[in-house]
Amino acid sequence: MYYTSRDKSELVAYNDLVGQAEGYSGTTTQWTTIVEHPNGTDYAILKHPSYEAELTLEETLGTEWFPQIEL
Amino acid sequence: MSTIFNISDKIKLETSPDPFFLLDNYSGAAAAYSLRLLDSTYSGSAVRVRRASDNAEQDIAFANNELDTATLETFASGTNAFVTTWYDQSGNGFDITQTTAFKQPKIVSIGSTITDGTKPSVEFNNAQGLNTTANISNASNYYPFYVRSVAGGSGAYIWDSEIGRVLIERTNNSAYYDQTNSFEGSALTSSYRLIHMELNSTTGGKVYENGVNTQSGLAYAQYPMSSQTALGSRFDVDASYLTGKIQEFILYNTDQSSTRTGIETNINNFYSIY
């Protein structure tokens, strides 16, 4: 499941909070990376199974989020 | 009265390299990643892993020249463990890493080491990859040898380099890509295979699967491997993810056509693929 937002900073904050809660150390520095919709205004982040946020939750992201890339 | 001859400078004893160690016998790899010990003089670890239970990390070395799965599974403590770094055994220092937890490939599942065939393997699940920003090679011919199985990942890449854009195996439809000739060849067999390619700008590209030449006469133009290079995905680990397993990836940028069968035999003697 993914959290979506038009405010990228909300998702950055979620990623940071998960990272702090998980206590990553060594090589690992963050939970995941933020997905940017090709429209340039929508963003999404994979929900960590252990952490909730008051953000819009989507079951999955449609294929429009991941345009076919030739290379 | 006896005469003592000083013959120490007349005799030179030479020992043959142990046939087990691939890089002792076939040196000069540009990069070499494996879950077995490839070079008898390599003293580093095989991989660095993160366990899911508390996100602690630990280097895992070798035991009896193979991945120390006892230490690995003890560390994983009944949970999953993921590869954060796959160390380069070539001596060139091109370790490949992944700092994002979700993008780290798995090596232990619920306490048990993941395998392919009979040996430990790194599992990629359509969102993972390991990469480096080091410049691995100037424009060259390339001779990769690798052991992998492909379970999915539409258009996934086994190995991809950003600058020069040399791409080794796009799983659904091509053997490789270079910037001049675009995609060349056809899809390789997806099941567990030892793959070798000769990417030679003079003699053309060739593909070998389990020691058998399956494609030849392909075009290849020399390019560097630099900026970002990844195993198991696109160079930036942001697309074209592999669903499958990789046990070993060894890249030469010098001609190995005369040593190909020896290298393939060494690999197959260990993995018993065919």
Side-chain angles (χ1 to χ4, degrees), chain A residues 1-53 55-71, chain B residues 45 47-59 80-87 95-104 126-132 153-157 160-162 164-167 170 172-174 176-179 182-183 233-241:
Chain A
M1 292 194 285
Y2 287 83
Y3 286 122
T4 60
S5 176
R6 293 201 155 180
D7 184 350
K8 186 177 180 181
S9 67
E10 291 181 333
L11 306 184
V12 170
Y14 176 78
N15 206 22
D16 288 347
L17 288 169
V18 170
Q20 290 166 23
E22 286 291 293
Y24 295 131
S25 61
T27 308
T28 310
T29 59
Q30 63 176 357
W31 154 237
T32 189
T33 52
I34 292 164
V35 181
E36 182 175 352
H37 193 285
N39 66 17
T41 59
D42 293 315
Y43 301 90
I45 190 169
L46 184 74
K47 180 187 178 299
H48 190 289
S50 302
Y51 303 101
E52 312 282 335
L55 294 165
T56 304
L57 189 61
E58 304 283 351
E59 191 69 31
T60 188
L61 298 181
T63 54
E64 70 275 12
W65 281 83
F66 306 102
Q68 195 69 29
I69 303 168
E70 178 57 16
L71 269 176
Chain B
S45 294
V47 289
R48 184 172 183 81
V49 301
R50 174 183 62 84
R51 64 185 174 199
S53 57
D54 62 358
N55 294 306
E57 296 184 10
Q58 181 173 306
D59 283 335
N80 298 333
F82 304 88
V83 176
T84 70
T85 303
W86 201 341
Y87 293 105
D95 303 336
I96 47 177
T97 63
Q98 181 50 257
T99 61
T100 298
F102 184 68
K103 294 186 174 185
Q104 293 165 349
N126 201 30
Q128 287 80 39
L130 298 159
N131 78 346
T132 176
S154 180
Y157 304 161
D160 184 31
S161 193
E162 181 179 17
R165 208 61 203 273
V166 178
L167 187 164
R170 184 160 76 164
N172 64 333
N173 62 9
S174 305
Y176 63 87
Y177 171 99
D178 74 60
Q179 209 162 309
S182 189
F183 290 102
S233 71
R234 195 174 71 178
F235 61 84
D236 54 2
V237 196
D238 204 28
S240 306
Y241 299 109

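So that the names make sense, note that chain A is the first sequence line, chain B the second, and so on, each numbered from 1. Atom set for the values below is all heavy atoms of this structure, side chains included, hydrogens, waters and symmetry mates excluded.
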Note: B:T100 and A:W31 closest approach over all heavy atoms is CG2-O, 3.4 Å
Interface moiety of B:T84 toward chain A, non-hydrogen atoms closer than 4.5 Å
both
Flag the pair B:F235 / A:L71 as yes when at least one side-chain heavy-atom distance between them is below 4.5 Å, and no otherwise.
no
With a 4.5 Å cut-off on heavy-atom pairs, point out which of B:Q98, B:R165, B:K103, B:R170 contacts chain A the most.
B:R165
So, the part of B:D54 with a heavy atom under 4.5 Å from chain A: the answer is backbone
Can you give me the closest heavy-atom contact between A:S25 and B:N55, atom names plus distance?
OG-O, 4.4 Å
Please classify the contact of B:Q104 with chain A as side chain, backbone, both or neither, using a heavy-atom distance under 4.5 Å.
side chain
Mind checking whether B:R50 and A:T27 have side chains closer than 4.5 Å, heavy atoms only?
no
With chain A, the option among B:F82, B:F183, B:F102 that has the most non-hydrogen atom pairs under 4.5 Å is B:F102
